[in-house]
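My questions will all concern the structure given below.
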Amino acid sequence: MSAFVFAGSAQFIAAGLVAAGTSTGIIILTTLVVNLRHALYAATLAPHMKHLPQRWLAPLGFWLTDESFVVVVSRFHKKDTSAFKHWYFLGSAVFMYSNWQLCTWIGLAAGRAIPDPASWGLDFAMVVTFIGMLVPLVRSRATVISVLVAAVTALLTNQLPNQFGLIVAALLGILAGVLAESLLPEGQGKQTNE
Amino acid sequence: MNEYILIGGMMLVTFGVRYPVLALLSKVPLPEPIFRALKYVPPAVLAAIIVPKVLMPSGEELQIHISNAPLIAGTAAVLVAWRSKNLLLTIVLGMLTLWGWQWLIHNGAL
């Protein structure tokens with residue numbers, strides 16, 4: 001699964017659904033919903049990749065994940081006009097992919113050797129990684145509002161099946177950010193944590 | 001057999017939400033309002049994934065108390081990320097806090 005899908009959060013969720021005996025169709029649908037955010041990542045990166053041919057876009061699309069998006073978008077937003085930023089994308093993606101394969105094999109071996117792997121809380125590594133990516137993004141008051149709205153909505157909709165609340169929370173958070181940006185007076189927002 | 005259908009299907013939908021958007025939008029320019037909205041996608045999505053896992057680790061109700069180890073570790077990770085802006089340090093200290101706190105709970109210190 002790691003070789004062909006390459007989507008950490010969807011793989012975690014699919015593993016849970018397989019363990020619960022959920023039907024194949026539902027698991028595929030859930031994967032689609034969980035990964036819809038990658039369509040938004042792709043839309044963010046696309047304007048920077050106008051000049052690239054399809055033979056570049058297809059593999060970069062396959063390797064586009066949360067982690068590669070965050071490192072790549074910050075590279076694209078740097079002011080220099082380097083024509084080789086897509087090589088940066090390719091390099092980070094290939095390294096992440098190789099590492100993901102290696103660690104999946106380690107996990108397969110270790111999972112057989114350790115009696116109760118879930119009790120180690122390793123899935124929490126995804127949460128702290130996302131925290132480390134989110135906090136530096138919070139630089140304006142509009143972003144703070146966007147994050148707060150998304151967070152509260154996610155808590156309120158956490159009971160919805162198949163991670164549907166995630167999509168609702170993300171959309172409301174984006175809407176709140178856009179509204180806040182157009183309503184609030186201009187100026188440097190204060191730095192705030194979660 | 002069923003495993004192949006599952007993995008093939010997951011592969012199709014995962015690639016299907018990434019590549020076509022990348023391919024289409026790199027040919028057609030994106031309207032300015034949409035481009036502005038996209039700035040808020042990463043913070044909103046990440047917040048929506050993180051916050052329930054930290055505040056509702058069991059998936060059912062808010063758990064705002066000191067025996068919620070993910071809440072303590074998540075708070076520590078936010079502080080480290082804010083102060084250091086260092087992703088690797090955030091991950092390492094966040095996980096160490098989680099394990100340390102779980103150890104304290106397990107040994108009856110909390």
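In this text, all values refer to a predicted model and were calculated from it rather than measured experimentally.
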To the nearest 0.5 Å, tell me how far B:M56 CE sits from A:Q159 CD.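 Between atom CE of B:M56 and atom CD of A:Q159 there are 6.5 Å.
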According to a hydrophobic-cluster definition based on side-chain heavy atoms being under 4.5 Å apart (Ile, Leu, Val, Met, Phe, Trp, Tyr only), do B:I91 and A:M126 belong together?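 Same hydrophobic cluster.
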Determine the minimum heavy-atom distance between A:F69 and B:P42, stating which atoms define it.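 The pair with the smallest heavy-atom distance is CE2-CG, 3.3 Å.
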Relative to chain A, which segment of B:V54 carries a heavy atom at a distance below 4.5 Å: side chain, backbone, both, or neither?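 Contact with chain A: side chain only.
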Of the listed residues (A:L137, A:I174, A:T143, A:V168), which shares the most heavy-atom pairs with chain B below a 4.5 Å separation?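 The option with the most such pairs is A:I174.
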Mind ranking A:A150, A:G173, A:P136 by heavy-atom pairs under 4.5 Å with chain B and telling me who comes out on top?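 So the answer, after comparing A:A150, A:G173, A:P136, is A:A150.
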For chain A, which of B:A76, B:A37, B:S84, B:P57 has the most heavy-atom pairs under 4.5 Å?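 The candidate making the most pairs under 4.5 Å is B:A37.
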Near B:H106 NE2, under 6.0 Å, is it more than 12 heavy atoms from other residues, nucleotides or ligands?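 No - once you tally the heavy atoms of other residues, nucleotides and ligands closer than 6.0 Å, there are 12 at most.
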For the student: nearest non-hydrogen atoms of A:V128 and B:A77, plus distance: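 A:V128 and B:A77 have their closest heavy atoms at CG1-CB, 3.8 Å.
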Relative to chain B, which segment of A:A176 carries a heavy atom at a distance below 4.5 Å: side chain, backbone, both, or neither?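 Neither part.
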With a 4.5 angstrom heavy-atom cut-off, which part of A:L155 approaches chain B: side chain, backbone, both or neither?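 Both backbone and side chain.
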Grouping I, L, V, M, F, W and Y whenever their side-chain heavy atoms are under 4.5 Å apart, do A:L102 and A:W100 come out in a common cluster?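 No, it is not one cluster - the side chains of A:L102 and A:W100 are not joined through contacts under 4.5 Å.
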B:L79 with B:I64, same ILVMFWY side-chain cluster at under 4.5 Å: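 In one cluster: yes.
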Which atom pair, heavy atoms only, marks the closest approach of B:T90 to A:G132?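 Nearest heavy atoms, B:T90 then A:G132: CG2-CA, 3.9 Å.
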Identify which of B:A69, B:A73, B:A44, B:A81 forms the greatest number of heavy-atom pairs closer than 4.5 Å to chain A.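 Most heavy-atom pairs under 4.5 Å with chain A: B:A44.
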With B:P52, which of A:N158, A:T157, A:V127, A:L156 fulfils side chain to side chain contact (heavy atoms under 4.5 Å, CB included)?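 Filter result, single survivor: A:N158.
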Chain A heavy atoms under 4.5 Å from B:I49: which part of the residue, side chain, backbone, both or neither?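 Contact with chain A involves both backbone and side-chain atoms of B:I49.
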List the atom of B:Y40, the atom of A:A142, and the distance in Å for their closest heavy-atom pair.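 Where B:Y40 meets A:A142 most closely, the heavy atoms are OH-CB, 3.2 Å.
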Nearest non-hydrogen partners of A:A170 and B:V45, listed with the distance: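 So the two residues come closest at CB-CG2, 3.8 Å.
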To the nearest 0.5 Å, how far apart are CG in B:L88 and OG1 in A:T129?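 It comes to 9.5 Å.
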Tell me whether A:I131 is reachable from A:V152 by hopping between hydrophobic residues (I, L, V, M, F, W, Y) whose side-chain heavy atoms are closer than 4.5 Å.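 They do not share one cluster, since no chain of ILVMFWY contacts under 4.5 Å joins A:V152 to A:I131.
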Below 4.5 Å from any heavy atom of chain A, which atoms of B:L62 appear? Answer side chain, backbone, both or neither.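 When you check distances to chain A, only side chain atoms of B:L62 fall under 4.5 Å.
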State, with a plain yes or no, whether a side-chain heavy atom of A:F130 is found less than 4.5 Å away from one of B:K53.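 No, their side chains stay 4.5 Å or more apart.
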